[in-house]
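Reviewing the structure listed below.
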Amino acid sequence: MSMQNEYNPKDIESRVQAAWEEQDAFKVSEDDGKEKFYCLEMFPYPSGKLHMGHVRNYTIGDVISRYQRMLGKNVLHPMGWDAFGLPAENAAIKNKTAPAPWTDANIENMRGQLKRLGFSYDWSRELATCKPEYYQWEQWFFTKLYERGLVYKKESEVNWDPVDQTVLANEQVIDGRGWRSGALVEKKKIPQWFIKITAYAEELLASLDELDGWPESVKTMQRNWIGKSVGAEVEFEVEGEPALRVFTTRPDTIYGVTYLAVAADHPLAIKAAESNSDIATFRKECAQTSTAEADLETMEKKGIDLGIKAIHPLTGEPVSIWCANFVLMSYGTGAVMAVPAHDERDYEFANKYGINIQPVIYPEEGHIDISENAYTDYGLLKNSGQFDGLGSEEAKKAITAWLVEHGRGEEKINYRLRDWGVSRQRYWGCPIPFIYDAQGNASPATEFPVELPTDVVMDGVGSPIKKMSSFIDTIHPETGEPAIRETDTFDTFFESSWYYARYCCPNLDTAMLDERADYWLPVDQYIGGIEHAVMHLLYARFFHKLMRDVGLIDSDEPFTRLLTQGMVTKETFYREGEGGSKEYFNPADVDLSLDDKGNVISAILKSDGSPVVVGAIEKMSKSKNNGVDPQSMIDKFGADTVRLFTMFAAPPEQSLEWNDDAIAGGSRFLKRVWNVFAKHQDLLAREGLDTRKKFSAVSKEAKSFRLTLHTILQRALFDYERQQFNTVVAATMELTNAIEKTDFKAMGEEGGKVLAEAACVLIKLLSPITPHLSEHLWSLYGSSDSLTSSGWLSVDHDALVRDEITYVVQVNGKLRAKIEVAADAIKEAIEAAALADENVQKFLDGVTVRKIIVVPNKLVNIVAN
RNA sequence: GCCCGGGUGGUGGAAUUGGUAGACACACAAGACUUAAAAUCUUGCGCUGGUAACAGCGUGCCGGUUCAAGUCCGGCCCCGGGCACCA
């Protein structure tokens, strides 16, 4: 067999992919004779085309999957579609179509792109969350949770567009206005379904400690999100009203309370507004913000005195009650106590409105200065009655004990975590399986799926099923009376919270999961964007525990090891329309002019020749339209080059600003690999490729080459294990450089063997990254075993033994010389050799040597002055 | 505002975790081949000085610990992600 002269990726890739398809190469089933490995990447939203973020995510997953297969494991590697969501509705409105066919077409297209990239998925397990075969089980599961008392309904705030008469997502609120109407958005309360994630707060927090395979940063973010704090709930009596209860982590500061603050929709504020138009106006103003926490936290802190007094539980003094825009009714009790002397936000607020500031905590030494800032540290109590002189820690306990004893409070653990609101007033989602009788009483559906009608017309205002009597009208299963269906749909995080489990038994039509789930779960390696560090990953962990408690699975956590891939970012380009709305343009449609340092001077839209604004460098996303389409690069260079370059450009966890200039270098490298094999085809055909054959080199040249080979291999294996693939690629480049520079024929008999060993290492190291090229070369020269079953690589430690070692010599920490020392030299001999060096001597002239530090196999540092 | 990351040549990045800063590439420059271009190959490439050997400086900024700091500690600045209805 002879090799073609030119590397032709298109030809190789289509042939190798056809062979995989024909052999069902990646289809797996349960096999107790092999160690299982479940590798999963976060499934994509089918937006239409793959972007570079997808390519990066799925290449990382594929490299890990193929690496694990090479190690001999039974690898499950599935793919599917997170198919419900807002963009489908917007596209449907824009294109005058329905979300379902738009989504199906996108899936079709993106599946083709994934196949073209040669990802090793078991496609027989593919699922799409918008199909009733999938979502019927989460409907069923939701009713199970309802039976267990984990589901309830309550009023909750949404962003309301008063012009379009519709609920807006936070993303659709731009500078406080609706994105389509431009109307000022209002907060509106509507009844919505919730799941009690707070009932699992303690377990979700505690089991983070056991997730050794998760990045510390993600665990910290989740801990902070759950936000456990220990403190006290304190009761302030209000004349003629129910007492106000507030939570505080600082009961030691209670003598410093100079006001209380309640939310704008707290009953006290609502009542006060009835007789005071200023308060009514203030409440209205508070309603005109978005529900996003970032907006609430950054807006100007405002308040108004309600003119009502509470009684301080310890001093008996009256304390004024304010209504403030930063207090949330939905968080805690909707009321807080304020200690301006010892809390930054309270301090600012008190200064603004001239409220008394009463210091009660003092440092043990020195004095406090609260003329500029609050004093927020712990200290000793003063002006605190019987508690004067206690330290903060003791005082917390003593004051809480006093409150308990006098029936004015209790010790309390508070979580920042709030229950999960799962209702959405949108069409393209899974219908929430509830019905209502004539009196409005809710009861769970008894038959599944509650199917979402897909033949709809989107008018841009509200969900079409909310007006569709064929969907809404039904019969109550118990009474036989007419009833109506819930028309809200689930939050799309609902679908993505359990898909990883469904891949274990995707076509099961008699249950949500079966025993196969316990064979495969937990997922051994999960890979996805760092932007999902909290919400998606927390909901999935929660769901896993719910499924366990319903008896569907027996593990506690869904993902053993987590790799949070850095974002692929890109410049954004936009034009501002009327009312502040922005129209974003894709980087591919913009011409840039750069200065000689590579900075952008101006950006022109190709289609009309007029300038666009250069925005921030941000995560590639649909909404910012800054995704780079990888298809043109696949067409031009082939899948292996795109995969190789994506891995080479940066380590997986680091964010990557996309720049497609450098990809040609990746293509050039694979051509060089091809040429190495073509050049030596006769030798390789004779020797074959098998690293399991043991041999040791005799000639100096062969020994030296094998030292290089195994040094590189050792680093590459280490980097595979720690999942730093960019340096794996660098190692294969170094190896290729070394092979090119070596004259194997000059080594005589040994040459062919040494070359074959190196070629085999090269093919195998590359195989998870550029599987098509590796498979093809293996088919030409490899053994009769398939590449995947031919075994992984190991370092020959005998090849790493050196006679001489290079030491770096420093004088006072500065590099002055390099010396060659026999590998078995004793410390004194190394020191002597270092001191004898001419350049070292130059720097020791006129000074005294105080100390010599020898780091074995590395360096000598001579300390002198 | 709060929580979590990041900042190293013209560019992407490396530094086996306190021990030679800049591996491996991209870009650029010079040369070879070619009528020419592309492709390919060779060489150079942190900054300053020097023909060179070499020397001084250098990992966002300021300070500290250490024989030795990109790496550890303290204080800042800038950039990115998330903040519960984008996914």
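Chain identifiers are assigned alphabetically (A, B, ...) following the order of the sequence lines, protein sequences preceding nucleic acid strands; residue numbering begins at 1 within each chain. None of the values given here were measured: they were computed from a predicted structure.
At a threshold of 4.0 angstrom between heavy atoms, the contacts of A:Ile853 include nucleobase atoms, whether or not backbone atoms are also involved. Using a 4.0 Å heavy-atom cutoff across all strands shown, A:Val808 reaches at least one base atom of the nucleic acid. Nucleic acid contact class of A:Gln425 (heavy atoms, under 4.0 Å, all strands): base. As judged by a 4.0 angstrom heavy-atom cut-off over every strand, A:Ala292 is placed among residues touching the sugar-phosphate backbone only. Among the heavy atoms of the strands lying under 4.0 Å from A:Asn224 are primed sugar atoms or P, OP1, OP2 only; no base atom is included. A:His532 comes within contact range of at least one nucleobase, with a heavy-atom separation under 4.0 Å. In this structure, A:Ala662 reaches the sugar-phosphate backbone alone: every heavy-atom distance under 4.0 Å involves primed, P, OP1 or OP2 atoms, never a base. Within 4.0 Å (heavy atoms only), A:Val158 reaches at least one base atom of the nucleic acid. Residue contacts for A:Thr298: at a heavy-atom cut-off of 4.0 Å it reaches a base atom on one of the strands shown. Residue A:Trp225 is classed as a base contact, given a heavy-atom separation below 4.0 Å to a base. If you check every strand for non-hydrogen atoms under 4.0 Å, A:Pro651 touches sugar and phosphate atoms only. If you check every strand for non-hydrogen atoms under 4.0 Å, A:Arg850 touches nothing. Contacts of A:Arg223 with the nucleic acid, taken as non-hydrogen atoms under 4.0 Å apart, are absent. Across all strands, A:Leu417 comes closer than 4.0 Å to base atoms (heavy-atom distances).
Rounded to a whole Å, the NZ atom of A:Lys814 is 8 Å from the C1' atom of B:G56. The CZ atom of A:Arg668 sits 13 Å away from the C1' atom of B:C24 (whole-angstrom rounding). When rounded to the nearest whole Å, the span between CG of A:Leu296 and P of B:C3 equals 17 Å. Taking atom OH of residue A:Tyr539 and atom C1' of nucleotide B:C86, one finds them 14 Å apart after rounding to whole Å. Taking atom CG on A:Asn865 and atom P on B:A68, their separation rounds to 11 Å, with Å as the unit. Atom P of nucleotide B:G58 and atom CG of A:Leu815 are separated by 16 Å, given to the nearest angstrom.
Of the candidates B:C83, B:G5, B:C24, the closest approach to any side-chain atom of A:Ala294 belongs to B:C83. Of the candidate nucleotides B:U40, B:A25, B:C54, B:A25 has the atom lying nearest to any side-chain atom of A:Met733. Closest to the side chain of A:Glu297, from the set B:C54, B:A15, B:G1, is B:G1. The side chain of A:Phe718 lies closest to B:U16 when the candidates are B:U16, B:G19, B:C4. The A:Asn170 side chain lies nearest to B:C86 when the options are B:A15, B:C86, B:C24. Taking every side-chain heavy atom of A:Arg672 into account, B:A25 is the closest of B:G12, B:A84, B:A25. Of the candidates B:C67, B:G81, B:G19, the closest approach to any side-chain atom of A:Met221 belongs to B:G81. Listed nucleotides: B:G81, B:G12, B:A87. Nearest to the side chain of A:Phe648: B:G12. Minimum atom distance to the side chain of A:Gln810 is reached by B:G19, of the listed B:A87, B:G19, B:G5. Taking the side chain of A:Met567 as heavy atoms from C-beta on, and the options B:G80, B:U40, B:A84, the nearest nucleotide is B:G80.
Each salt bridge (Lys or Arg N to Asp or Glu O under 4.0 Å) pair with one or both residues in residues 717-727 of chain A, not counting sequence neighbours, appears once here: A:Asp719-A:Arg722.
Look at the P atom in both B:G63 and B:C57: the space between them is 15 Å, to the nearest Å. Nucleotides B:G44 and B:G10 are separated by 15 Å at their C1' atoms, to the nearest Å. A distance of about 27 Å separates the C1' atoms of B:C83 and B:G60, rounded to the whole Å. Comparing B:C47 with B:U8, their C1' atoms are spaced 14 Å from each other, to the whole Å. Nucleotides B:C77 and B:G13 are separated by 25 Å at their P atoms, to the nearest Å. A distance of about 29 Å separates the C1' atoms of B:C86 and B:G12, rounded to the whole Å. Rounded to the nearest Å, the gap between the P atom of B:U59 and that of B:G9 is 9 Å. Comparing B:U66 with B:C73, their C1' atoms sit 12 Å apart, to the nearest whole Å.
A salt bridge is absent between A:Glu838 and A:Lys842; no separation between the charged side-chain nitrogens and carboxylate oxygens falls under 4.0 Å.
In the model, A:Tyr152 has a side-chain atom that pairs as donor or acceptor with a side-chain atom of A:Asp419 under 3.5 Å. One side chain, A:Thr487 or A:Lys466, offers a donor N or O that lies under 3.5 Å from an acceptor on the other. Counting only N and O atoms by type, the side chains of A:Asn224 and A:Arg416 include no donor and acceptor under 3.5 Å apart. A donor atom on one side chain and an acceptor atom on the other are found under 3.5 Å apart for A:Trp193 and A:Glu486. Using modelled atom types and a 3.5 Å distance limit, the side chains of A:Asn57 and A:Glu41 yield no donor-acceptor pair.
An OP1 or OP2 oxygen of B:G13 is reached within less than 4.0 angstrom by a side-chain nitrogen or oxygen of A:Gln654. Between B:C2 and A:Arg345, no contact under 4.0 Å exists linking OP1 or OP2 to a side-chain N or O. Contact between the side-chain N/O atoms of A:Asn675 and the OP1/OP2 oxygens of B:U40 is not found at any separation under 4.0 Å. Here A:Asn737 does not reach the OP1 or OP2 of B:C24: none of its side-chain N or O atoms lies under 4.0 Å away. Residue A:Arg816 places at least one side-chain N or O under 4.0 Å from the OP1 or OP2 atom of B:A55. Between B:U16 and A:Lys858, no contact under 4.0 Å exists linking OP1 or OP2 to a side-chain N or O. For the pair A:Ser655 and B:G80, the criterion of a side-chain N or O lying under 4.0 Å from OP1 or OP2 is not met.
Ring orientation note: the planes of A:His536 and A:His532 are nearly perpendicular, at an angle over 60° on the 30°/60° scale. Using cut-offs of 30° and 60° on the angle between ring planes, the pair A:Trp420 and A:Phe543 is perpendicular. Between A:Phe84 and A:Tyr135, the ring planes are tilted. Angles from 30° to 60° get that label.
Annotated as syn: B:G9, whose O4'-C1'-N torsion sits within 90° of 0.
Residue-to-nucleotide proximity on RNA chain B shows that, of A:Ala650 and A:Glu740, the 5′-proximal contact is made by A:Ala650. Take the nearest nucleotide of RNA chain B for A:Ile190 and for A:Gln724: the residue whose nucleotide is more 5' is A:Gln724.
Between A:Phe637 and A:Phe645, the ring centre distance reaches or exceeds 6.0 Å.
For the atom pair A:Asp161 CG and A:Glu186 CD, the distance stands at 9.0 Å (nearest 0.5 Å).
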(message) Only Watson-Crick and G-U wobble pairs with both distances less than 3.5 Å should count. Give RNA chain B in dot-bracket notation, marking inter-strand partners with |.
(response) (((((((..(((......[....))).(((((.......))))).((((....))))..(((((..]....))))))))))))....
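Side-chain N/O atoms of A:Lys818 and base N/O atoms of B:U20 include a donor-acceptor pair closer than 3.5 Å.
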